[in-house]
Structures are given as C-alpha cells and as structure tokens.
Amino acid sequence: MTRHFIAIDQLDDNTLSSIYSLATSPFDDETMKGQGVALIFERPSLRTRASSSSAVYELGGYATFFGDEEIGLDRRESAEDVARTISEMYSIAALRIRQHGVFARMREATNERLSLINLLSDASHPTQAIADVLTIADEFAGGDVTALAGLEVAYVGDATNVTRSLAVALLRLGVNVTVAAPEGYQLSVGGAEDPQAVDGPGALRLTDNAHEAVKGADVVYTDAWVSMGFEEETASRRFDLANFQVNVPLMSLAKEHAILMHCLPAHRGDEVTNEVLDSGQSRVWRQVFHRRSAMIGVLRWIKGES
Ligand code: CP
Ligand code: NVA
C-alpha cells in the first residue's frame with residue numbers, strides 16, 4: 001500500500017515509533033538509489049528545502065525542486081493535473097502547500113500511485129514535529145522518545161500549523177501541552193491535525209495567560225506571530241500578541257533546566273528576544289539538525305522500512 005506522511009494524527013503509534021527510530025538509526029545509502037523525489041514549494045523555505053534535499057541525497061536518491069512561480073498550483077494547472085504529471089516520473093512528492101485539502105485531491109487524482117509528504121500546510125507541519133520530538137528526547141531522555149511522558153511543554157504565541165502538529169505528536173507520547181494565546185489566536189477546534197481531538201495520554205490545556213503556561217515548564221516553544229500568508233495582518237498581530245513574547249522574564253518562570261524551542265525562521269524582537277534565542281537555554285540549532293534526521297526517518301518509512 002502506498003504510504004503517505006501528511007499529518008501526525010493520520011499515523012498510528014507503531015508507524016510514528018518506526019519513523020522516530022528510522023530517523024536516528026544507521027541507514028543504507030542505497031535505499032533510494034536512482035530514485036527521484038519531487039519537492040514542490042508554494043511558499044518560501046530554507047530548513048525544509050535543505051533538509052529534504054540532503055536527506056534524499058543521503059539515501060542515494062535525487063531531488064528536483066519546483067517553485068510556485070513555475071507550477072502555479074491551481075492557477076496555471078489544477079493540483080490534480082500537477083499530481084498526475086509528477087506521478088508519471090516520480091514515486092514520491094514532498095509538498096509545502098497553502099491549502100491542506102490539496103493532499104486529498106492529489107491522492108485521489110493519482111489513485112494512490114504517488115506517495116505524498118507534507119512539508120507544511122496551513123494546518124500542519126509534521127516533519128517539524130518529528131524533529132522537535134527528537135530534540136526533546138535528546139534533551140530529557142537520552143534520545144528515547146518513549147520516555148517523555150510527564151514532561152510539561154508550554155507553547156506561547158500564535159497557535160499555528162507548527163503548534164498543531166507538535167501538540168498532536170507530544171500528547172500521543174504522554175507529554176502535557178499548554179498553549180497560551182490571546183483570543184483569536186488560540187487553537188481552533190476541528191480540521192486537520194486537531195490536538196483537541198487527541199485522546200491522551202498527555203493532557204492539553206489552553207489559556208490566555210503566558211505566565212501561567214510557562215510556570216514549571218520543561219520546554220517553552222514559540223513560532224512566528226506572522227505566519228506565511230498573514231503578512232497583511234502584521235501590525236494588528238504585533239499589537240495583539242505583544243504580551244506573548246518569549247523574553248528573559250517569561251523564561252525565568254519556567255523550570256531552571258527549561259529549554260527554548262522555535263521552528264525558525266525567528267523574528268527577533270517579536271515572538272522571541274535575542275537574549276533568549278541566543279542563550280544557553282536555546283535548542284533551536286539542535287531542532288534544525290534534526291530536520292534532516294526527521295526527513296531520513298520519513299523517507300525510509302515511505303520506502304517500506306519499519
Ligand atoms: N522551520 C521551517 O520549516 O523552516 P523553513 O520555512 O525555512 O523551511
Ligand atoms: N507558522 C509558520 C511556520 C514556518 C516554518 C508559517 O506557517 O509561516
């Protein structure tokens with residue numbers, strides 16, 4: 001059966017456990033020998049493009065990049081026809097897309113002949129979540145993702161696509177997640193990758209008080225106040241989210257050993273200050289390191305390893 005990696009909540013525990021372990025175990029550099037992966041980006045990227053192309057290369061394959069200006073998804077050509085075309089030449093497509101619903105349309109259009117990997121959509125960022133779990137496991141459990149239960153993660157700021165995938169992945173591992181966001185920026189109910197639909201074992205708490213959320217946290221996580229596609233709202237977002245900046249006074253409420261995480265790119269002086277981002281508590285570069293581990297795990301699983 002064709003394997004897809006579209007959202008964490010579509011994968012069972014065994015699959016996720018395989019992906020975590022395939023991400024960090026020795027691999028065969030001929031796993032993808034001579035095989036291409038189509039990398040389709042409707043939005044800009046540094047880490048995701050770099051980690052995807054290098055992971056494909058490490059596994060012996062090659063990546064071809066397609067930018068939005070070239071393919072014009074649903075403008076120059078329908079998403080269905082893009083998928084049909086790609087499936088004639090590639091068996092895997094990894095996509096960063098504006099609308100999560102495009103994945104279902106592409107699956108249907110290609111009769112499941114093309115494996116799809118989500119490299120960020122409006123609803124989720126699952127490869128980032130895999131990298132983040134690996135980073136937290138390194139920090140608190142010697143790399144063992146099964147030993148994270150009971151940790152406290154506080155997410156502060158705009159509840160984004162990154163928040164959704166991260167929360168789903170952590171709750172499934174028994175990590176307690178608190179999301180602190182002002183009205184209008186909190187996790188919405190329903191839709192793809194919905195943390196509020198996860199039935200434990202971790203507990204999810206929503207609040208509009210950043211201080212309360214961070215008190216006693218092991219991990220403080222934040223993301224951009226202005227995600228891609230929301231640029232026109234920059235001024236109002238800065239105003240609305242001003243009390244949700246991760247700065248030294250906020251970090252001081254967390255546990256002494258607490259770490260700061262951010263998917264990057266960071267907007268220094270908005271959601272996080274330089275003092276915190278560049279401090280000894282910051283693990284953002286370890287997260288970047290694990291973006292490639294995560295892609296290796298996902299690609300090996302797509303190719304049939306478990
Ligand atoms: N974190 C992340 O996905 O970064 P890019 O947008 O640069 O790929
Ligand atoms: N929430 C951000 C994540 C970037 C990696 C965005 O969608 O722009």
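Whatever order the structure lists them in is the order used to number ligands and atoms, beginning at 1.
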Look only at interatomic distance and state if [X] has a nitrogen or oxygen under 3.5 Å from any nitrogen or oxygen of ligand 1.
X: Arg49; result: no
X: Cys263; result: yes
X: Pro265; result: no

Next item on the list: Mark the output for His125 as yes if a heavy-atom distance to ligand 1 is under 4.0 Å, and as no if none is.
Entry: yes
Note to self: With the threshold set at under 4.0 angstrom, would you say Arg291 reaches ligand 1 through any of its heavy atoms?
What the structure shows: yes
Tell me the protein heavy atom at minimum distance from [atom], and give that distance in Å.
atom: atom 7 (O) of ligand 1; value: Leu46 N, 2.7 Å
atom: atom 4 (O) of ligand 1; value: Arg47 NE, 2.9 Å
atom: atom 6 (O) of ligand 1; value: Arg96 NH1, 2.8 Å

No-hydrogen, no-angle side-chain donor-acceptor test under 3.5 Å, [X] and [Y]:
X: Thr48; Y: Arg291; answer: yes
X: Glu193; Y: Ser165; answer: yes
X: Glu271; Y: His262; answer: yes
X: Ser121; Y: Asn161; answer: no
X: His4; Y: Glu112; answer: yes
X: Gln186; Y: Asp208; answer: no

Note to self: Testing the basics here: between Val177 and Ala167, what is the closest heavy-atom pair and its distance to 0.1 Å?
What the structure shows: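 Closest approach of Val177 to Ala167: CG1-CB, 4.2 Å.
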Item checked: ligand 1-proximal atoms of Leu120, by part, heavy-atom distance under 4.0 Å ->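 For Leu120, no heavy atom sits under 4.0 Å from ligand 1.
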Next item on the list: State the atoms of ligand 1, each with its element, that fall below the 4.0 Å cut-off from a heavy-atom position in Leu264.
Entry: 1 (N), 2 (C), 4 (O)
Anything under 3.5 Å between an N or O on ligand 2 and a protein N or O? List each pair with its distance, or write none.
from: ligand 2; atom 1: 1 (N); to: Asn161; atom 2: OD1; distance (Å): 2.8
from: ligand 2; atom 1: 1 (N); to: Asp223; atom 2: OD2; distance (Å): 2.7
from: ligand 2; atom 1: 1 (N); to: Ser227; atom 2: OG; distance (Å): 2.7
from: ligand 2; atom 1: 7 (O); to: Asn161; atom 2: ND2; distance (Å): 2.9
from: ligand 2; atom 1: 8 (O); to: Met228; atom 2: N; distance (Å): 2.8

Next item on the list: Verify whether the ring centers belonging to Tyr57 and Tyr62 lie closer than 6.0 Å.
Entry: no
Item checked: Pairwise distance CH2(Trp225) to OG1(Thr160) - rounded to 0.5 angstrom -> 14.0 Å
Next item on the list: In plain terms, say whether Glu42 and Arg96 are close enough for a salt bridge, that is, a side-chain N and a carboxylate O under 4.0 Å apart.
Entry: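 Answer for the salt bridge query: no.
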Item checked: Arg300 to Phe27 six-membered ring, cation-pi geometry met (6.0 Å, 45°) -> no
